[in-house]
Engineer: 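Pasting a structure below so you can have a look.
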Number of protein chains: 2
Amino acid sequence: MPKATFNKLKAEKKALITKAFLREFAVKPYDEASISEVVKQLGIAKGSIYQYFEDKMDLFLYLIEKANAVKAAYIAQIKRDDYPDFWSYFIELFKVGLNFDTEHHLESHFLFGLSQNLHSPSVKPLFDNMMQQAVQIFEELVKAEIEKGLFRNDIPTNIMAYSLFHTGRDMQEHLQFIGLVNPQKSIAEQLPVYHHKEELLMEHVQHYINLVKPAFNASDHDKS
Amino acid sequence: MPKATFNKLKAEKKALITKAFLREFAVKPYDEASISEVVKQLGIAKGSIYQYFEDKMDLFLYLIEKANAVKAAYIAQIKRDDYPDFWSYFIELFKVGLNFDTEHHLESHFLFGLSQNLHSPSVKPLFDNMMQQAVQIFEELVKAEIEKGLFRNDIPTNIMAYSLFHTGRDMQEHLQFIGLVNPQKSIAEQLPVYHHKEELLMEHVQHYINLVKPAFNASDHDKS
DNA sequence: ATAAATTATGACTAGTTAGTCACTTTAATT
DNA sequence: AATTAAAGTGACTAACTAGTCATAATTTAT
C-alpha cells in the first residue's frame, strides 16, 4: 500500500499521479512500464515516487486496487436475483461494464490491459491469485444455477465456471480482433474503449450468448 | 530468415543453438528473453548470434517457423473427412497435439509460451497476423460443418470460429490453472508438458467438449 | 520570526539490454 | 606451404531501467 506521504497529498495531485500511471500500465506490460518516463511526463522528480510508494510493485498493486474498487461498485449495482435467468443477468453485467468504461475510461483501459498481460513473469503469481478468486465467484454462480435446475449437472462445475469466465474475456478479445474496439488508440485519444460502439457491442454480446447458452442450460443433456 | 552462415553450420551446432533459444523464449516473453544470457549458457560469443541472424526478431521468427513446421506435420496427419463428426476430429487434433508434445517437448513448450505472451508490444502485430490465419482456418471448418447441416446456422460464422478457436486455448489454460500441467516446471525438468498426464488430460478435454458441443451442433436452435 | 518537520529533488549507483566491429582463429583453396 | 575466405570473438557503445540518498525547498508548529 502507498506510504502515508501519498495519502497526505492533496487530492488533485494524487489524482494526476494515479491517472498518469494508470495510462502507462494500461499500455505496457508491468515489466516494460517505465516509472522514469511517467515522472518525466508529470514533471516531477523520480525520487518523489519513492516517497509515495515502496517500489514499483507497491504502486502497481495500488492501481489494481483502485481500478478494481471503481469497477466493483458498478458490478455490485446488479444482483442475480433481480433477473429471471442467468443470461439476462450476464448481459446486464456487460452493460454496467459499459457504463464503467464510459465513466471511467482510464480504469477501464487499465483493467483491459491487465487481463491481456497476465503472463509477464513478475505479475504471474499476482494474476493467478486474482484469477482463482474470479473463477471461484463464477463457480458459485454456476452451482446456484444448477441448484435451481437451470444449468445442466453432467459437467464438473469447475470446468463450467472456467469456460464461462473465459467467455467474457473472449468476447472482449474478439471485439478487439475484428477491430471494433482499439484500446491502444482509445487511450491515446483519451476516449472510452466502447465509445459510440455501444449498440454494435451489445449485438455482438447477444450473438455470443446465443451461441454459448445451449452449452450451459439444462435440457436433454441433463442427467438429473 | 537466418543468414547463410547459420545454415552452413553443422547440424549439431545448429540444433544446440536452436534448442537453447527455444527454451529461453518458451519461458520469457519476447522483450524479456535475453540473448546475452543464452550465449553465456551456450558458451559462445554474443557476436556469433549476429553472424547467424539479422537481429533478435529475425531469430524469433526463425524459431516460430521452426516450431510451427514441426507441429504442422502432426496436424496434417489427420483429416476431417476421416471422422464422422467434427468433435471426434477435434479430439483427435488434441491427441496428435499430445504426440507432438511428447516427441518435441521444446517446440511444444515454446508454442505454449507463445500463445500466452501475445500482447507484448513488440510481438503484437506479429501475433495478430498469426491469429487472423488461425481463426480463418477455423471459420472454414465451421462453414463446412454448417454446409453439412451439422452445425447451427443462426450465429455469424466468425463468432463461432473465434469461440471454437478459443475453446482449445481455454482448455490448455485451464489445465495449467488447476495445476495439472506446469510448463515452467516441465521446461526446467526437460520433460514434456503432458508427461504421464495423458489420461487425465483426455478426460478433461472430453468434459470440455461435452460442455461446448451443444453450443455448436445443429438442433432445435437451427433456423434452417 | 525561528525552529522543526515534512516533502521534493535529481544526480548517482548498479544493473540490465541489443547490437557493433576491429581483430583472431579456423577452414578451404590454390 | 602460402594465400584467401569464412567463422568466431569479446570488449565496447549507447540506451535503458529501478531504486537511493544527501541536499534543498516548502510547510507547519512553536
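First the proteins, then the strands, lettered A, B, ... as listed; each starts at 1.
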Engineer: Go through the structure and list residues passing side-chain hydrogen bond (donor to acceptor under 3.5 Å, both in side chains) with A:D31, not counting sequence neighbours.
Structural biologist: A:S120, A:S122
Engineer: Keeping to residues at least two apart or across chains, list the salt bridge (Lys or Arg N to Asp or Glu O under 4.0 Å) pairs with something in residues 124-136 of chain A.
Structural biologist: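 Every salt bridge (Lys or Arg N to Asp or Glu O under 4.0 Å) pair that includes a residue of residues 124-136 of chain A, provided the two are not neighbours, is A:K124-A:D128.
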Engineer: In whole angstrom, give the distance that lies between atom CG of B:L42 and atom C1' of D:dG8.
Structural biologist: 14 Å
Engineer: Let me know the distance between CG of A:L9 and P of C:dT6, rounded to the nearest Å.
Structural biologist: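 Going from CG in A:L9 over to P in C:dT6 covers 15 Å.
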Engineer: Going by heavy atoms closer than 4.0 Å, what residues in residues 11-38 of chain A are next to DNA chain C?
Structural biologist: A:K13
Engineer: Looking at residues at least two apart in the chain, or sitting in another chain, which of them share a side-chain hydrogen bond (donor to acceptor under 3.5 Å, both in side chains) with B:S36?
Structural biologist: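 B:K46.
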Engineer: Which pairs would a plain distance check flag for residues 20-28 of chain A, meaning a side-chain donor or acceptor within less than 3.5 Å of a matching protein atom at least two apart in sequence or in another chain?
Structural biologist:
| residue | atom | partner | partner atom | Å |
| --- | --- | --- | --- | --- |
| A:R23 | NH1 | A:Q190 | OE1 | 3.3 |
| A:E24 | OE2 | A:K28 | NZ | 3.0 |
| A:E24 | OE2 | A:S34 | N | 2.8 |
| A:K28 | NZ | A:E37 | OE1 | 3.2 |

Engineer: Strictly below 4.0 Å, heavy-atom distances to any atom of DNA chain C: list the hits from residues 48-61 of chain B, or just say none.
Structural biologist: B:Y50, B:D55, B:K56
Engineer: Go through the steps to decide whether B:F165 and B:I137 satisfy the test side chain to side chain contact (heavy atoms under 4.5 Å, CB included), and finish with yes or no.
Structural biologist: CA-CA 9 Å; B:F165 170 69; B:I137 289 168; over 6 Å; no
Engineer: Apply side chain to side chain contact (heavy atoms under 4.5 Å, CB included) to B:K3 and list each qualifying residue two or more places apart in sequence or on a separate chain.
Structural biologist: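 Side chain to side chain contact (heavy atoms under 4.5 Å, CB included) list for B:K3, sorted by chain: B:E54.
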Engineer: Please report the distance, rounded to the nearest Å, between CG in A:N7 and P in C:dT6.
Structural biologist: 15 Å
Engineer: Output a table of donor-acceptor pairs, distance under 3.5 Å, between side-chain atoms of residues 66-78 of chain A and any protein atom two or more places apart or on a different chain; print 'none' if there are none.
Structural biologist:
| residue | atom | partner | partner atom | Å |
| --- | --- | --- | --- | --- |
| A:Y74 | OH | A:E103 | OE1 | 2.3 |
| A:Y74 | OH | A:H104 | NE2 | 3.4 |

Engineer: Roughly how many Å is it from NZ in A:K40 to P in C:dA11, rounded to a whole number?
Structural biologist: 13 Å
Engineer: Any side-chain heavy atom of B:D58 sitting closer than 4.5 Å to one from B:D55?
Structural biologist: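 They are in side-chain contact.
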Engineer: D:dA6 base to B:K8 side chain: any donor-acceptor pair below 3.5 Å?
Structural biologist: no
Engineer: Using the salt bridge (Lys or Arg N to Asp or Glu O under 4.0 Å) rule, collect all pairs that involve residues 6-17 of chain B, keeping only residues at least two apart or in two chains.
Structural biologist: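 Matches after skipping sequence neighbours: none remain.
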Engineer: Quick one: bend of the helix from C:dA1-D:dT30 to C:dT30-D:dA1 from 5 pairs per end, to 10°?
Structural biologist: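 Rounded value for the end-axis angle: 10°.
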Engineer: Who pairs with A:E107 by side-chain hydrogen bond (donor to acceptor under 3.5 Å, both in side chains), at least two apart in sequence or on another chain?
Structural biologist: none
Engineer: What pairs with B:K95 under side chain to side chain contact (heavy atoms under 4.5 Å, CB included), at least two apart in sequence or on another chain?
Structural biologist: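 Partners of B:K95 under the side chain to side chain contact (heavy atoms under 4.5 Å, CB included) test: B:I91, B:E92, B:M202.
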Engineer: Roughly, in whole Å, what's the span from NZ in A:K46 to P in D:dT17?
Structural biologist: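 Nearest whole value for this atom pair: 7 Å.
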Engineer: For B:I44 and D:dA7, what is the distance between atoms CD1 and C1' respectively, to the nearest whole Å?
Structural biologist: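 That distance rounds to 12 Å.
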